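One structure is given below, encoded as structure tokens.
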Amino acid sequence: MNTEAAAYFSRELLGWYRENKRILPWRMNRDPYRIWVSEVMLQQTRVDTVIPYYERFMEKFPTAAALAEAPEEEVLKAWEGLGYYSRARNLQAGASEVLERHGGVVPDNKDAVSSLRGVGPYTAGAIMSIAFNRPEPAVDGNVMRVLSRFFCLEDDIAKPSTRVKIEKLAQSLIPEGAAGDFNQALMELGALVCTPKSPGCLTCPVMAHCEGRMAGKEHVLPIKTKAKPPRPETRLAALIVGSGEHAGKVLVRQRQSSGLLARMWELPHVMGPTEPFGSAARSKGRGRRKSIAAAGTEVSGESLLTADSTAAAAEGTEPPFLQTTQQQGIAPGGGGLVAGGAGTIGADADRQTAHAAHVDMLCRELFAQDGLLVRPTGWWGEAEHVFSHIVWDVQVYRAEFGYWLAEESALEKPDYGGSAVNGDSQLAAESGVSYETGNAEEGAATPPQYRWIGLEQMRELAFPNVFLRLLRDYWETADGFTD
DNA sequence: AAACCGTGGAC
DNA sequence: TGTCCAAGGTT
């Protein structure tokens, strides 16, 4: 590579940055903890989205020690809505390591920083360079785009090997004693000028020697293979409003310790029919009639039984409300988030049939998986939720609480994690209402991952956005007298 | 290497 | 309305 061009690039870019850098909350000082938090929040997340979260987070957890000692629930709540929630739990785990192994001080040592949970090659480089001015590269999407264009690199930036290659290049470009500013300059240029769609070459400080532009490839670079589209899933959720001592409260549950939305709270729900049903599927005109006819006409047929519910039937744990539910049919519920959308009598009939099949499945699976017996009373609404790799079509049904199956009969016992560090397992005991019995003779204790909550407890528990929207909509429209 | 992990803005 | 993708990390 041309040493002259490299020196030019670094010099001009650094000069440009020092004149044009944005004022951002994490640029107030070089406190490595503040830098660390900002870099984790900024992973796959835009600056404008991060700023308010960052301000609140730093006020609540101003030091690594404060973060380490906070209840996990509070940390997740502070992260609620930001997404990629393992970032929050990893950050707290990292803070605990810093507290225990480094006396609460983020170490000025690349290997030590890299070993922290949730700190990968980019974040380690960012912390080392920005907080400690160490000459380490910090290669993110911006950097790969900027360098791909300037040096006209046609490697696929979706490949891990490309990041490694660009890291070496980036490190070679760091000006003496200016690692922090230079790395930030690279990212700032990518964010403000050398943007993905329409790069602002005319205002670019290094346009004159940009090989990508000189080759007329500024709109083609960087090369990046397309991501696989997310797979559709139908989710059947239960909006269970309590009566008696739980009047006006809703039954929610906490997800297990790993995987999607780990440790977040949600409405109880189960996987629906494989064929999509909701608005997303309808708008694409895919397989609607077929799936509904197949699922609906034979409500209690073998085709609907999963392995779990078949096992439940074999063990005599078939939910007793099923037959009653089917005979009653499903009446349209009120307060839906999304209008039905079916314009014809026939479509309405199809919807009713699909709802009946959903209700059957929801009832069976909640009973089989969690020993929770409910009686659905009507369709309530739906919501779409797009993850990176999945699209949920959530169909929400209102239901009345029946009872909890005695614990000995529970068919599955997933890991719900109770963190030893922060004493989550004490939450149930502190709440004082976790083990009361249901209202049926068979009634057993509420399982530890479930809670009855009112609107007030929404402030304490962290929900992913899809359930946040559904629950807020419920609290707004609930009349407080029925159910 | 490839899949898994959220969410919202911009165009 | 669909598509891209953002200061990525873990498994």
Side-chain angles (χ1 to χ4, degrees), chain A residues 21-22 24-27 35-54 76 79-91 93-94 113-127 129-131 137-146 156-164 167 170 180 183-192 194-198 222 224-231 255 257-264 266 279-280 282-285 383-392 462-469:
Chain A
K21 67 177 178 181
R22 291 169 290 182
L24 296 171
W26 43 89
R27 288 180 176 166
I35 304 296
W36 178 17
V37 172
S38 75
E39 291 302 337
V40 173
M41 278 195 178
L42 286 162
Q43 289 168 7
Q44 300 292 287
T45 311
R46 289 183 158 71
V47 166
D48 289 344
T49 303
V50 164
I51 289 175
Y53 281 89
Y54 182 78
L76 279 179
W79 212 271
E80 182 183 70
L82 254 191
Y84 286 136
Y85 299 101
S86 65
R87 289 184 297 173
R89 297 184 302 119
N90 286 339
L91 182 58
V113 167
S114 295
S115 75
L116 298 172
R117 294 284 296 174
V119 176
Y122 164 75
T123 305
I127 294 172
S129 61
I130 300 173
V139 174
D140 69 340
N142 284 313
V143 176
M144 288 199 283
R145 182 173 59 256
V146 168
D156 181 358
I157 65 169
K159 293 168 60 179
S161 58
T162 301
R163 198 211 71 229
V164 174
E167 273 177 350
N183 284 346
Q184 292 185 82
L186 227 29
M187 294 187 276
E188 198 83 341
L189 187 74
L192 299 181
C194 195
T195 52
K197 293 291 174 57
S198 51
K224 186 180 183 183
T225 58
K226 290 180 181 175
K228 223 175 71 177
R231 68 174 183 274
R255 296 176 64 86
S257 307
S258 62
L260 185 67
L261 303 172
R263 304 284 290 157
M264 300 292 282
E266 64 183 3
S279 56
R282 277 199 304 280
S283 67
K284 290 175 184 168
E384 186 187 68
H385 194 60
V386 181
F387 299 93
S388 311
H389 57 306
I390 310 173
V391 181
W392 275 359
F463 292 84
N465 271 2
V466 59
F467 295 111
L468 217 46
R469 287 195 299 266

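Chain A is the first sequence line, chain B the second, and so forth, proteins listed ahead of strands; every chain is numbered from 1. Note that this is a predicted model, so its numbers are computed, not measured.
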#### Entry: Rounded P spacing from dC5(C) to dC5(B) in Å
22 Å

### Query
Which whole-number value in Å describes the distance from R22(A) CZ to dA7(C) P?
9 Å

### Task
Scan W79(A) against the nucleic acid and name what it touches under 4.0 Å (heavy atoms): base, sugar-phosphate only, or nothing.
nothing

### Message
Is any side-chain heavy atom of R22(A) closer than 4.5 Å to one of R27(A)?
### Response
yes

### Task
Write down the distance separating the C1' atoms in dT11(C) and dT7(B), rounded off to the nearest Å.
22 Å

### Task
Indicate, with a heavy-atom threshold strictly under 4.0 Å, whether K159(A) touches base, sugar-phosphate, or nothing.
nothing

### Summary
Here the distance between atom C1' of dA7(C) and atom CG of D48(A), to the nearest Å, is 13 Å

### Task
Quick one: do V113(A) and W36(A) satisfy side chain to side chain contact (heavy atoms under 4.5 Å, CB included)? Show the steps, please.
CA-CA 10 Å; V113(A) 167; W36(A) 178 17; over 6 Å; no

### Message
Using atom P in both nucleotides, what's the gap between dA3(B) and dA7(C) to the nearest angstrom?
### Response
24 Å

### Message
In this structure, how many angstroms lie between the C1' atom of dT3(C) and the CD atom of E384(A), rounded?
### Response
14 Å

### Task
Please identify each residue that fulfils side-chain contact (heavy atoms from CB on, under 4.5 Å) with R87(A), with sequence neighbours left out.
V40(A), Q43(A), T45(A), W79(A), L82(A), Y84(A)

### Query
What does L186(A) touch in the nucleic acid at a heavy-atom separation under 4.0 angstrom: a base, only the sugar-phosphate, or nothing?
nothing

#### Entry: Partners meeting side chain to side chain donor-acceptor pair (under 3.5 Å) with N465(A) (sequence neighbours left out)
none

### Task
Would you sort out whether H389(A) and K228(A) count as a side chain to side chain contact (heavy atoms under 4.5 Å, CB included), showing the intermediate values?
CA-CA 8 Å; H389(A) 57 306; K228(A) 223 175 71 177; over 6 Å; no

### Query
Base, sugar-phosphate alone, or nothing: which one does I390(A) contact when heavy atoms must sit under 4.0 Å apart?
nothing

### Query
Are the side chains of L260(A) and R255(A) in touch, meaning some heavy atoms are under 4.5 Å apart?
yes

### First of F463(A) and S161(A) reached from the 5' end of DNA chain B, by closest nucleotide
S161(A)

Between the protein and nucleotides 8-11 of chain C, list every N/O to N/O distance that falls short of 3.5 Å.
unit_1	atom_1	unit_2	atom_2	d
dG8(C)	OP1	G141(A)	N	3.3
dG8(C)	OP2	Q44(A)	N	2.7
dG8(C)	OP2	Q44(A)	NE2	3.4
dG9(C)	OP1	G120(A)	N	2.9
dG9(C)	OP1	G120(A)	O	3.4
dG9(C)	OP1	T123(A)	N	2.9
dG9(C)	OP1	T123(A)	OG1	2.7
dG9(C)	OP2	Y122(A)	N	3.3
dT10(C)	OP1	G118(A)	N	2.7

### Message
Holding to ring-ring contact (aromatic ring centres under 6.0 Å, His included), I want the full list of residues that pass it with F387(A), two or more places apart in sequence or in another chain.
### Response
H385(A), W392(A)

### Query
How many Å lie between NZ on K228(A) and P on dT3(C), as a whole number?
16 Å

### Message
Suppose we screen for side-chain contact (heavy atoms from CB on, under 4.5 Å). Which residues come up paired with R46(A), at least two apart in sequence or across chains?
### Response
T49(A)

### Task
Remember a base hit wins even if backbone is also touched, and classify G81(A) as base, sugar-phosphate or nothing at under 4.0 Å, heavy atoms.
sugar-phosphate

### Closest-nucleotide ordering on DNA chain B, the 5'-leading residue of R46(A) and H389(A)
H389(A)

### Query
Quick one: how far along DNA chain B does chain A reach, first to last nucleotide 5' to 3', anything under 4.0 Å to a heavy atom?
dA1(B) to dG9(B)

### Message
Distance check, rounded to the nearest 0.5 Å: T162(A) atom OG1 versus M144(A) atom CE?
### Response
7.5 Å

